[in-house]
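Following: one structure in structure tokens, then a few remarks.
Quick note on labels: first sequence line is chain A, next is B, and so on, each numbered from 1. None of these values were measured; they are calculated from a predicted model. Reckoned from all heavy atoms, side chains included, excluding hydrogens, waters and symmetry mates.
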Amino acid sequence: MTEFMQIDLPAMLTGTLAALVCAQIGNFLILTRQSMLGDAMGHVVLPGIVIAYVLTGLAATWVMLGGAFAAAMVSALLIEFLRRVARVEPSAALGAVFTAMFALGVVLLEQTGVARTSFDVHHILFGNVEGAIWPAATGLASLFDPVALKELPAQIGRLLFGLVVVSAVIALFFKELRVISFDPVFAATIGLSPRLFGTLIVSLAALAAVVSLEAVGVILLVAMMVCPPATARMLTDDLATQMRISIAAALTSGIFGYLIAAFLPSLLGFDLSLGAAGTIALLGGLIQLAAMIAGPKRRPARAV
Amino acid sequence: MRPDKEQLSSGAMTIPPLSVKGLTVAYDGRPAIENVNWDAPLTGLLAIVGPNGAGKSTLLKAILGLVPAAEGEIRIHGKPIEDARGDLAYVPQRSSVDWDFPATALDVVAMGLYRRIGWMKPVSRANREQARVHLDRVGLSEFANRQIGALSGGQQQRVFVARALAQKAKTYLLDEPFAGVDATTEKVMIEVFRSLRDAGSLVVCVHHDLSSVPEIFDHVLLLNRRVIASAPVKTAFTPANVARTYGLPVAG
């Protein structure tokens, strides 16, 4: 039990929280047809995090968030610049900016030596759910022990913060986000600014990306954002229900993805270990596949 | 339309619902409409007619503040757009939205209530009942829970009209509401627009089908970047004006 509390519980919590925060904002990314924005955000925040860390020497939550946001805003400006001034086609502008920013991040990581001390490039790419451990836990009682709770990995605090902010903003502005996503022109005529809400969606995606990055990695981030809502879309035509189903799908893939990665190989007698982040994303993909095959709301190809 | 005595006695009633002075709107430096001067009639059904690229949709969008005016002044019931959002209801072209969106007909109609519900407040059961009344008015109450993409084109258009009705505006602006709709939808929409007119509203439609202008509309604005004519259909919708609008040679 102690081992479970020390190793498995914090890792499972990390993977599941990341899946939850990504899935919620993912609903609005797929509805506004900008799924790749989630991917882009994971890439562009890297140089921001590295620069903020190098400048301050701190790995505190607000430092990481500040750096990441600065990088996300710079990228958004660059994309707008390429689109408007240089007249680059939007997806090309996005692709050019996010890969360039990521490359800058990788170079900075290696040149500053941060890669050897605090950040592991492999973890940033592929995630490291297992990195969250809770040595202070001695058993179930630790869950109610303030001293032990303080020793929970800082990453879990960041994820909780991200989850609370993303959930609260979506709950508060649910009907506004719905009308902006469905009919931005009409939304503007009733006094909602599509630009403001566009920025809000990008900011929430950036926040989700920052807090989840350590756990799930840049490459799997987009799977966490897209699979649960895409699964949910196959199962309902109601946006609120879609949100709830996507949360359930994220919970399922987070919890069972970790359990499968941690225990399935040894149960089957194999001497190997599966990466939890990859397994969570894979399970999310499999759930989506099942929904695509059997879901009641699959979209038939329809003439417009 | 001549204002009656009662209207003349009250000053507020004679302020045109839409007033445009010296309006120029340009996209990328190329003017879409130039120096448009236009006062809309107080009530009635009005068609904006003109060839493709004449700036019809642009005029509506400029009035709604969706595209910036390069020059000129726009007043809605005497007010700038920021103070007049509640006075206008807008129906965009049907092709402008994603019909695969997870929303039912009733969800979309309820969007017309959002402004009055207030920001950051949820849509209540009572709001949904209000929305149902407007859906009923366009003959779609039995489709309330149908996903919008599963409706026919005409039904989708009626959902949009019901959403505009839910806005309870004074003036209604519609971008090609009659394009590609079935006969039932056309009949329902004309009926709804006439009842709005009879209640004192102005209903403005960008309209493509010249042949149906006289039977549907009271007023016409002939537009081709500039105002060619604006008056009751009987006086303005002449073959000579139409020819001028479309750049055709004017017959003897």
Side-chain angles (χ1 to χ4, degrees), chain A residues 27-28 30-34 83-85 87 168-197 200 229-246 295-304, chain B residues 28 57 60-61 63-67 81-108 110-124 127 145-150 153 156 160 163-164 166-167 169 173 175 180:
Chain A
N27 278 287
F28 291 96
I30 65 163
L31 289 177
T32 52
R33 314 219 155 175
Q34 10 181 33
R83 282 176 55 184
R84 300 219 171 157
V85 183
R87 310 230 159 210
V169 172
I170 290 176
L172 211 52
F173 292 103
F174 186 68
K175 82 179 189 306
E176 287 77 9
L177 286 166
R178 166 163 37 201
V179 67
I180 284 270
S181 307
F182 170 62
D183 191 347
V185 176
F186 173 79
T189 67
I190 59 172
L192 295 170
S193 159
R195 180 169 298 194
L196 200 67
F197 277 88
L200 184 69
T231 300
R233 184 65 193 91
M234 302 288 160
L235 304 175
T236 180
D237 281 330
D238 176 64
L239 184 54
T241 310
Q242 179 185 316
M243 294 287 302
R244 286 191 280 271
I245 296 176
S246 72
K297 305 295 178 187
R298 290 163 293 157
R299 299 282 106 195
R302 189 163 41 85
V304 175
Chain B
D28 298 326
S57 297
L60 287 196
K61 286 180 176 166
I63 290 170
L64 288 154
L66 296 173
V67 295
I81 179 66
E82 298 78 38
D83 303 327
R85 296 222 176 272
D87 294 343
L88 293 180
Y90 174 55
V91 174
Q93 286 188 26
R94 199 153 40 84
S95 59
S96 70
V97 304
D98 171 16
W99 293 97
D100 279 340
F101 198 88
T104 61
L106 193 66
D107 288 333
V108 174
M111 289 176 188
L113 302 166
Y114 282 9
R115 204 184 141 77
R116 269 180 295 135
I117 292 170
W119 307 135
M120 296 189 273
K121 289 184 191 143
V123 179
S124 68
N127 296 140
N145 297 320
R146 182 82 61 97
Q147 196 271 335
I148 47 174
Q156 291 173 345
F160 264 7
R163 180 176 71 178
Q167 289 183 268
L173 307 176
D175 204 342

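- Most heavy-atom pairs under 4.5 Å with chain A, from the set B:Tyr90, B:Tyr114, B:Phe160: that is B:Tyr114.
- At a 4.5 Å heavy-atom cutoff, B:Asp175 makes no contact with chain A through either its backbone or its side chain.
- We find the CE-CD1 distance between B:Met111 and A:Ile180 to be 10.5 Å, quoted to the nearest 0.5 Å.
- Looking at B:Leu173, neither its backbone nor its side chain comes within 4.5 Å of chain A, counting heavy atoms on both sides.
- Both the backbone and the side chain of A:Arg178 have a heavy atom closer than 4.5 Å to some heavy atom of chain B.
- How far CG of B:Leu106 is from CG of A:Asp238: 11.0 Å, rounded to the nearest 0.5 Å.
- If you take NZ on A:Lys175 and CG on B:Asn127, they are separated by 8.5 Å, rounding to the nearest 0.5 Å.
- With a 4.5 Å cut-off on non-hydrogen atoms, A:Ser181 touches chain B through its backbone and its side chain both.
- Contact annotation: the side chain of B:Phe101 never approaches that of A:Asp183 to less than 4.5 Å [non-hydrogen atoms, C-beta and beyond].
- Closest heavy-atom contact between A:Arg233 and B:Asp100: NH2-O, 2.6 Å.
- Residue contact with chain A, scored on non-hydrogen atoms closer than 4.5 Å, involves the side chain of B:Asp107 exclusively.
- Among A:Thr241, A:Leu31, A:Asn27, the single residue meeting the side-chain contact (heavy atoms from CB on, under 4.5 Å) criterion with B:Pro102 is A:Leu31.
- Proximity to chain B (any heavy atom under 4.5 Å) is shown, for A:Phe182, by both the backbone and the side chain.
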As a quick check of understanding, evaluate side-chain contact (heavy atoms from CB on, under 4.5 Å) for B:Trp119 and A:Ile190, giving each step before the final call.
CA-CA 11 Å; B:Trp119 307 135; A:Ile190 59 172; 4.0 Å; yes
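- Interface remark: B:Gln167 contributes side-chain atoms only to the contact with chain A (heavy atom separation under 4.5 Å).
- In this structure, the separation between CG on B:Leu60 and OG1 on A:Thr189 is 11.5 Å, given to the nearest 0.5 Å.
- Of the atoms belonging to B:Leu64, it is side-chain heavy atoms, and not backbone ones, that fall under 4.5 Å from chain A.
- With a 4.5 angstrom heavy-atom cutoff, B:Arg94 does not touch chain A via any of its atoms.
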Does A:Phe186 form a side-chain contact (heavy atoms from CB on, under 4.5 Å) with B:Val108? I'd like the steps, not just the answer.
CA-CA 11 Å; A:Phe186 173 79; B:Val108 174; over 6 Å; no
